[in-house]
Amino acid sequence: MTALTAELGAIVAAAFEAEGLAGTFGRVQLSDRPDLAQFQCNGALAAAKQAKTNPRAVAEKIAARLKTQPMFAKVEIAGPGFINLVLTDAALEGRAAKIASAPASPNGKSAVIDFGGANVAKPMHVGHLRSSVIGDSLQRLFRANGWTVTSDVHLGDWGLQMGQLISEIGHRGIAPIYFDENYRGPYPKDSPITMEDLEEIYPAASAACKAEPARLEEARRATAELQAGRPGYRALWEHFFEVSKVGLEREWGSLGVHFDLWKGEASVDRLIPALIAMLKDKHIAEESEGALIVRVAEPGDKKEMPPLILVKSDGAVNYATTDLATILDRVAEQDPDLILYVVDQRQHLHFEQVFRAARKAGIAGKAMLEHAGFGTMNGTDGKPFKTRAGGVMKLYDLIAMTTAEADKRLHEAGIGADYPAEERADIARKVGIAALKFADLSNFRLTDYVFDLERFTRFEGKTGPYLQYAAVRIQSILRKAGDEGFVAADPLIRSDEERALVLHLLVLPEKLAAAEDNRAPNILCEYAFELAQKFSRFYAEHHILSESDAGVRAARLGLCALTLAVLIKVLDILGIEVPERM
RNA sequence: GACCCCGUAGCUCAGCUGGAUAGAGCAUCGGAUUUCUAAUCCGGCGGUCGCAGGUUCGAGUCCUGCCGGGGUCGCCA
């Protein structure tokens with residue numbers, strides 16, 4: 001489905017060219033003044049500026065040519081030289097029917113999207129919510145727009161926290177066999193520690209390292225030994241990974257987030273020696289203060305650019321190194337056009353360093369490297385979201401809390417009182433997740449936002465539940481229409497409400513493109529909300545099932561079906577499910 | 001100290017590569033219902049776009065400086 005503005009833009013561009021002006025002036029956009037027009041072209045102003053003539057005169061010439069096109073109901077010049085365009089209802093109707101049925105045709109481009117970023121052995125917390133929700137939405141969006149996407153969870157499983165865990169377990173004497181240097185294996189198949197153990201051990205280990213420098217030193221040594229391949233530590237690490245994965249899959253599963261690859265820092269470990277050798281050979285890497293570094297500062301830099309630390313003075317690598325190796329891995333495996341990192345904005349400098357090093361080393365292939373950062377989720381006090389006790393809230397608890405709130409709302413509204421308990425629970429879950437995701441996605445990525453459960457779960461206003469409700473109502477109408485044996489036909493425009501709704505439906509491709517260009521799902525949130533509003537307006541003004549004229553009824557049913565299809569498509573890109581009924 | 005992000009209505013936030021009268025939700029005030037799910041719809045109220053300069057025919061948007069909030073700055077991720 002080509003965007004309508006692109007179709008119009010081509011026509012207007014031809015008009016400019018016919019006047020001996022550059023076609024690029026013909027760009028058409030949605031009107032800023034919906035009361036005056038549907039679309040507009042501002043090119044006459046720019047063209048006149050360049051040609052040093054009167055913008056209105058240029059606009060007049062273009063408009064005269066456009067008026068010969070039968071698709072325009074109105075071509076007007078306004079203000080200093082805006083060309084306002086209104087399409088005929090027939091032109092709108094003719095394009096409407098096709099909008100939802102258009103499948104994504106492959107665009108020949110591929111992307112690796114790196115998000116999730118949970119750590120092995122640490123429970124997911126609210127900080128992982130944004131990466132998961134935004135990243136998942138972007139992978140759905142890119143796929144919907146024809147990209148070949150490979151999503152990778154990129155687990156944090158190779159850094160200091162692994163050494164901290166190992167040394168803590170060593171201290172506790174839980175599994176001595178893994179620490180026996182004379183033991184030659186094999187190691188037990190079953191993990192000596194459970195997920196619950198890990199949730200307790202990691203904070204303890206982390207605290208110990210903070211309190212005692214000697215413990216930190218020990219953890220560093222264990223990290224370096226793990227990375228050097230000490231068998232007992234590797235075996236222990238395998239257990240950490242497997243045990244953690246079960247828990248992480250469960251949590252992402254409840255959010256409806258899936259990854260194509262469950263790789264992590266450790267999975268590129270094998271590539272690191274060659275990477276380092278290559279960087280040394282090319283004299284990109286150099287020794288400094290006992291560490292091996294890559295200088296990434298460039299002459300024009302406005303800010304200080306610290307070097308990237310490839311190998312720490314204790315011999316261990318850190319995540320800059322694994323990130324570089326991961327680029328190598330992705331180029332070898334997927335050779336993508338784009339690698340997109342959906343990671344907290346606070347890591348922006350890190351990515352800049354990695355990207356520069358990758359460019360210097362020439363390892364990124366044809367891939368554009370891009371960091372799509374995001375801001376933090378704050379509490380109502382404006383500070384990073386915490387539990388009442390002041391601790392970090394686990395994602396699991398956050399989801400449980402949201403689901404419970406959704407359930408409460410449903411109960412208060414008397415919804416589903418007569419539904420089976422199982423269905424009610426399913427609705428509460430979907431509504432809770434929708435509330436959470438929509439709230440997160442409807443803010444622009446980079447801005448921080450305030451978590452307000454009460455507000456997010458409301459059915460009124462710009463919320464996930466409102467959108468679900470709108471979709472459910474349409475489903476209800478279509479179900480009843482089916483019961484009555486009514487059939488749908490292509491939509492017709494017979495009123496302002498219908499015209500506004502059809503026009504909005506037609507604008508979907510523009511919004512999908514804009515959301516992709518800006519890596520900004522909030523554009524789709526806005527679109528979906530406006531769609532639901534425009535539908536509600538239409539719905540309030542027109543009867544559908546009780547309409548006696550079968551033709552009108554069929555056209556309105558068609559408009560309902562089309563709206564539903566688009567709404568569901570957009571909600572799906574946002575990762576929001578619509579219940580059958582609610 | 002340097003750099004990055006943010007500062008728009010009472011509150012929470014949009015505003016795409018500068019364009020016509022700065023938008024939405026909530027709150028508030030008023031109206032619509034023998035509902036195809038009113039969990040809805042319609043209307044009113046509400047803003048010196050942090051401040052001061054600059055570029056431009058035109059600036060919330062671009063540039064400079066300042067103020068305020070958050071963040072980052074060589075061996076954590």
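Residue numbers start from 1 in every chain, and the chains themselves are labelled A, B, ... in the order their sequence lines are given, proteins ahead of strands. Quick caveat: nothing in here was measured; it's all calculated off a predicted structure.
- In the region residues 443-454 of chain A, proximity to RNA chain B at under 4.0 angstrom, judged on heavy atoms, holds for N443(A), F444(A), L446(A), T447(A), D448(A), Y449(A), V450(A).
- What separates CD of E541(A) from P of U33(B) is a distance of 12 Å, to the nearest Å.
- The residue among L545(A) and A78(A) whose nearest nucleotide of RNA chain B lies closer to the 5′ end is A78(A).
- A stacking contact between H348(A) and C5(B) is absent: the pair does not combine a ring-centre distance of less than 5.5 Å to the base's six-membered ring with planes differing by less than 30°.
- The pair R409(A)-E454(A) counts as a salt bridge, with a side-chain nitrogen and a carboxylate oxygen less than 4.0 angstrom apart.
- Atom CZ of F351(A) and atom P of A77(B) are 12 Å apart (whole Å).
- For the C1' atoms, the distance linking A24(B) with G69(B) amounts to 24 Å, nearest Å.
- Here N522(A) lies in heavy-atom contact (under 4.0 Å) with sugar-phosphate atoms only.
- Distances from the side chain of S313(A) to the nucleotides C75(B), C76(B), A20(B) place C75(B) closest.
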Dump every N/O contact between nucleotides 71-74 of chain B and the protein below 3.5 Å, one line per pair.
| residue | atom | partner | partner atom | Å |
| --- | --- | --- | --- | --- |
| G74(B) | O6 | E289(A) | OE2 | 3.2 |
| G74(B) | N1 | S288(A) | OG | 3.1 |
| G74(B) | N2 | S288(A) | OG | 3.1 |

Contact state string [nucleotides 58-63 of chain B, B base, S sugar-phosphate only, - no protein heavy atom under 4.0 Å]: B-----

Protein-to-nucleotide contact annotation, 5' to 3' order, nucleotides 23-32 of chain B [B base; S sugar-phosphate only; - none; under 4.0 Å, heavy atom]: -BSS------

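- Note on E265(A): only backbone sugar-phosphate atoms sit closer than 4.0 angstrom, heavy atoms only; bases stay farther off.
- For K312(A), a side-chain nitrogen or oxygen approaches OP1 or OP2 of C76(B) to under 4.0 Å.
- Proximity of E286(A) to R295(A): side-chain heavy atoms (C-beta onward) are separated by under 4.5 Å at one or more points.
- Between L138(A) and V342(A), some side-chain heavy-atom pair lies under the 4.5 Å cut-off.
- With hydrogens and angles ignored, the 3.5 Å screen pairs a side-chain donor or acceptor of D452(A) with a backbone N or O of R455(A).
- Under a cut-off of 6.0 angstrom, the local environment of CD in E580(A) is sparse, with at most 12 non-hydrogen atoms contributed by other residues, nucleotides or ligands.
- Distances from the side chain of V472(A) to the nucleotides C76(B), C75(B), U37(B) place U37(B) closest.
- Atoms CG (L324(A)) and P (C75(B)) sit 17 Å apart, rounded to a whole Å.
- Residues satisfying the salt bridge (charged side-chain N to carboxylate O under 4.0 Å, His left out) criterion with R56(A), sequence neighbours excluded, are absent altogether.
- Residues in residues 461-484 of chain A take part in these ring pair (Phe, Tyr, Trp, His ring centres under 6.0 Å) pairs, two or more places apart or across chains: Y466(A)-F529(A).
- Ring centroids of Y341(A) and F355(A) are separated by less than 6.0 Å, placing the two rings close together.
- The interatomic distance linking Y469(A) (OH) with C36(B) (P) rounds to 12 Å, in whole Å.
- Sequence neighbours left out, the pairs with a member in residues 507-518 of chain A that pass side-chain hydrogen bond (donor to acceptor under 3.5 Å, both in side chains) are T5(A)-E510(A), N145(A)-E516(A), W147(A)-E516(A).
- Regarding F456(A), its CZ atom lies at a distance of 12 Å from the P atom of U12(B), rounded to whole Å.
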N/O donor-acceptor pairs under 3.5 Å from side chains in residues 548-559 of chain A, not counting sequence neighbours:
| residue | atom | partner | partner atom | Å |
| --- | --- | --- | --- | --- |
| D549(A) | OD1 | G551(A) | N | 2.8 |
| D549(A) | OD1 | V552(A) | N | 3.1 |
| R553(A) | NH1 | E547(A) | O | 3.2 |
| R556(A) | NE | E498(A) | OE2 | 3.4 |
| R556(A) | NH1 | H543(A) | O | 2.9 |
| R556(A) | NH1 | E547(A) | OE1 | 3.2 |

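- Comment: E484(A) does not engage K480(A) in a salt bridge, judged by the lack of any side-chain N to carboxylate O separation of less than 4.0 angstrom.
- Across all strands shown, I544(A) has heavy atoms under 4.0 Å from base atoms, whether or not it also approaches the sugar-phosphate.
- Looking at N84(A), its side chain comes within 3.5 Å of the base of A20(B) through a donor and an acceptor atom.
- Remark: F486(A) pairs with no residue by the ring-ring contact (aromatic ring centres under 6.0 Å, His included) rule, at least two apart or across chains.
- G47(B) and G7(B): their C1' atoms are spaced 14 Å apart (whole Å).
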Candidate pair R346(A) and T376(A), rule side chain to side chain contact (heavy atoms under 4.5 Å, CB included), full reasoning: CA-CA 9 Å; R346(A) 283 175 290 194; T376(A) 58; 3.6 Å; yes

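- L324(A) places a side-chain heavy atom less than 4.5 Å from the side chain of L308(A).
- M305(A) comes within 4.0 angstrom of no nucleic acid atom, judged by non-hydrogen atoms across all strands.
- For E225(A), the salt bridge (charged side-chain N to carboxylate O under 4.0 Å, His left out) criterion is met by R230(A), not counting sequence neighbours.
- No engagement by D323(A) is indicated, since no non-hydrogen atom pair under 4.0 Å with the nucleic acid exists.
- For K480(A), a side-chain nitrogen or oxygen approaches OP1 or OP2 of U37(B) to under 4.0 Å.
- Of the two residues near RNA chain B, R581(A) and W158(A), the one whose nearest nucleotide lies more 5' is R581(A).
- Ring centroid separation for the pair H350(A) and Y319(A) comes in under the 6.0 Å cut-off.
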Nucleotide-level pairing of RNA chain B, given in dot-bracket where Watson-Crick and G-U pairs need both distances under 3.5 Å and | marks other strands: (((((((..((((.....[...)))).(((((.......))))).....(((((..]....))))))))))))....

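- The separation between F538(A) atom CZ and C36(B) atom C1' is 11 Å, rounded to whole Å.
- Ring stacking holds between Y539(A) and C36(B), with the centres under 5.5 Å apart and the planes within 30 degrees of each other.
- For the P atom pair drawn from G70(B) and C76(B), the interatomic distance equals 26 Å after rounding to whole Å.
- Comparing the C1' positions of A9(B) and U33(B) gives a spacing of 31 Å, expressed to the nearest Å.
- For the pair Q40(A) CD and G19(B) C1', the computed distance is 8 Å after rounding to whole Å.
- Residues meeting the salt bridge (charged side-chain N to carboxylate O under 4.0 Å, His left out) test with R445(A), sequence neighbours left out: none.
- Between D114(A) atom CG and A77(B) atom C1' the separation is 13 Å, expressed in whole Å.
- Comparing U8(B) with A14(B), their C1' atoms sit 10 Å apart, to the nearest whole Å.
- For the side chain to side chain donor-acceptor pair (under 3.5 Å) with R130(A), the qualifying choice from D344(A), D440(A), N443(A) is D440(A), the only one to do so.
- Among C41(B), A77(B), A20(B), the nucleotide with an atom closest to any side-chain atom of S536(A) is C41(B).
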